[in-house]
Peer 1: 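Pasting a structure below so you can have a look.
A quick note: this is a predicted structure, and the numbers were derived from the prediction, not measured.
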Amino acid sequence: MPYKLPHPCAHPGCPELTLKRYCPHHHHEQQGVPPQEQLKKSQYDKDRGSASKRGYGRQWQAIRICKLKQDPLCSDCLGAGLVVAATDVDHIDGNVHNLSVNNLRSLCHACHSRKTIRENYGFGNKPR
């Protein structure tokens, strides 16, 4: 009997259950990833830190849930005349430590991603 429960394969969209990170089908695809790329990803994960260290701890999780209950629709989509469920809570000023209700708004994932890319000059390449 296995010591841990099977979980979905880590390959995006694969529902196959496995005890390892990837199912047998996708495990072979991962073998083609150069070791340098694997090291870059693991170094990125180490440098990034945990969610709590980045300012998204227990207090943030509770505030996030309250905000989504209070405003369950995406504010950007509502402005465009669309009705879309909100999944993310955005810090308007970009400061993760500013948890003021006036600084938070509910957004769908697509709108939040667009805002993040726009503010970070395309995937985290913010000039210093």
Side-chain angles (χ1 to χ4, degrees):
M1 177 167 32
Y3 290 104
K4 60 182 183 178
L5 294 173
H7 53 84
C9 172
H11 188 272
C14 179
E16 198 70 33
L17 295 177
T18 181
L19 294 175
K20 298 181 179 182
R21 182 164 170 83
Y22 294 97
C23 67
H25 176 73
H26 292 113
H27 175 74
H28 297 296
E29 289 179 13
Q30 295 304 315
Q31 296 301 320
V33 177
Q36 301 89 344
E37 293 299 320
Q38 292 173 356
L39 289 176
K40 284 181 191 176
K41 173 113 177 85
S42 64
Q43 186 61 44
Y44 170 77
D45 289 342
K46 288 177 188 174
D47 292 343
R48 188 169 187 224
S50 68
S52 181
K53 287 183 181 176
R54 289 178 307 186
Y56 299 106
R58 193 174 297 160
Q59 182 183 9
W60 163 251
Q61 294 300 327
I63 291 171
R64 178 186 172 278
I65 289 169
C66 288
K67 183 64 178 173
L68 288 173
K69 284 182 181 177
Q70 179 185 0
D71 298 325
L73 300 177
C74 174
S75 61
D76 283 0
C77 291
L78 276 177
L82 301 171
V83 177
V84 178
T87 56
D88 298 357
V89 175
D90 175 53
H91 293 88
I92 296 169
D93 68 359
N95 180 2
V96 299
H97 301 291
N98 182 357
L99 301 178
S100 166
V101 176
N102 297 332
N103 183 47
L104 301 175
R105 65 184 179 151
S106 298
L107 295 175
C108 66
H109 186 70
C111 289
H112 189 259
S113 294
R114 276 193 295 273
K115 179 189 181 264
T116 302
I117 290 170
R118 185 174 56 246
E119 286 182 353
N120 291 341
Y121 300 95
F123 301 101
N125 298 322
K126 199 174 237 184
R128 304 218 177 225

Peer 1: Is it true that a side-chain atom of D88 and a backbone atom of L107 form a donor plus acceptor pair closer than 3.5 Å?
Peer 2: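 Side chain of D88 to backbone of L107, a donor-acceptor pair under 3.5 Å: no, none is there.
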
Peer 1: Counting only pairs under 3.5 Å, give me each side-chain donor-acceptor contact of residues 13-20, with atom names and distances, residues two or more places apart or in other chains.
Peer 2:
residue, atom, partner, partner atom, Å
T18, OG1, K20, N, 3.1
T18, OG1, Y22, O, 3.4

Peer 1: Give every residue pair that meets the salt bridge (Lys or Arg N to Asp or Glu O under 4.0 Å) criterion with at least one member in residues 90-110, sequence neighbours excluded.
Peer 2: D76-R105, D90-R105, D90-K115

Peer 1: Under the side-chain contact (heavy atoms from CB on, under 4.5 Å) rule, collect the residues that match up with A110, sequence neighbours excluded.
Peer 2: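 side-chain contact (heavy atoms from CB on, under 4.5 Å) list for A110, sorted by chain: C108, R114.
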
Peer 1: L73: which other cluster members, linking ILVMFWY side chains closer than 4.5 Å, directly or transitively?
Peer 2: L78, V83

Peer 1: Using the ring-ring contact (aromatic ring centres under 6.0 Å, His included) rule, collect all pairs that involve residues 95-114, keeping only residues at least two apart or in two chains.
Peer 2: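 The answer is none; no pair qualifies.
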
Peer 1: Is it the case that more than 12 heavy atoms not belonging to Q59 sit under 6.0 Å from its CD atom?
Peer 2: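 12 or below, so no.
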
Peer 1: Dump the intermediate steps for side chain to side chain contact (heavy atoms under 4.5 Å, CB included) on S75 and S106, then the final yes or no.
Peer 2: CA-CA 6 Å; S75 61; S106 298; 5.8 Å; no

Peer 1: Quick one: hydrophobic cluster around L82, which other residues, with the 4.5 Å side-chain cut-off, linked directly or via members?
Peer 2: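 Traced through the cluster, L82 reaches V84.
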
Peer 1: Which other residues belong to the hydrophobic cluster containing V89, where Ile, Leu, Val, Met, Phe, Trp and Tyr are joined when side-chain heavy atoms lie under 4.5 Å apart, directly or via other members?
Peer 2: Y56, W60, I63, L68, V96, L99, L104

Peer 1: Any pair with a residue in residues 56-67 that passes salt bridge (Lys or Arg N to Asp or Glu O under 4.0 Å), sequence neighbours left out, goes on the list, sorted by first then second residue, please.
Peer 2: K67-D71

Peer 1: Using 0.5 Å steps for rounding, measure from the NE2 atom of H7 to the SG atom of C23.
Peer 2: 11.0 Å

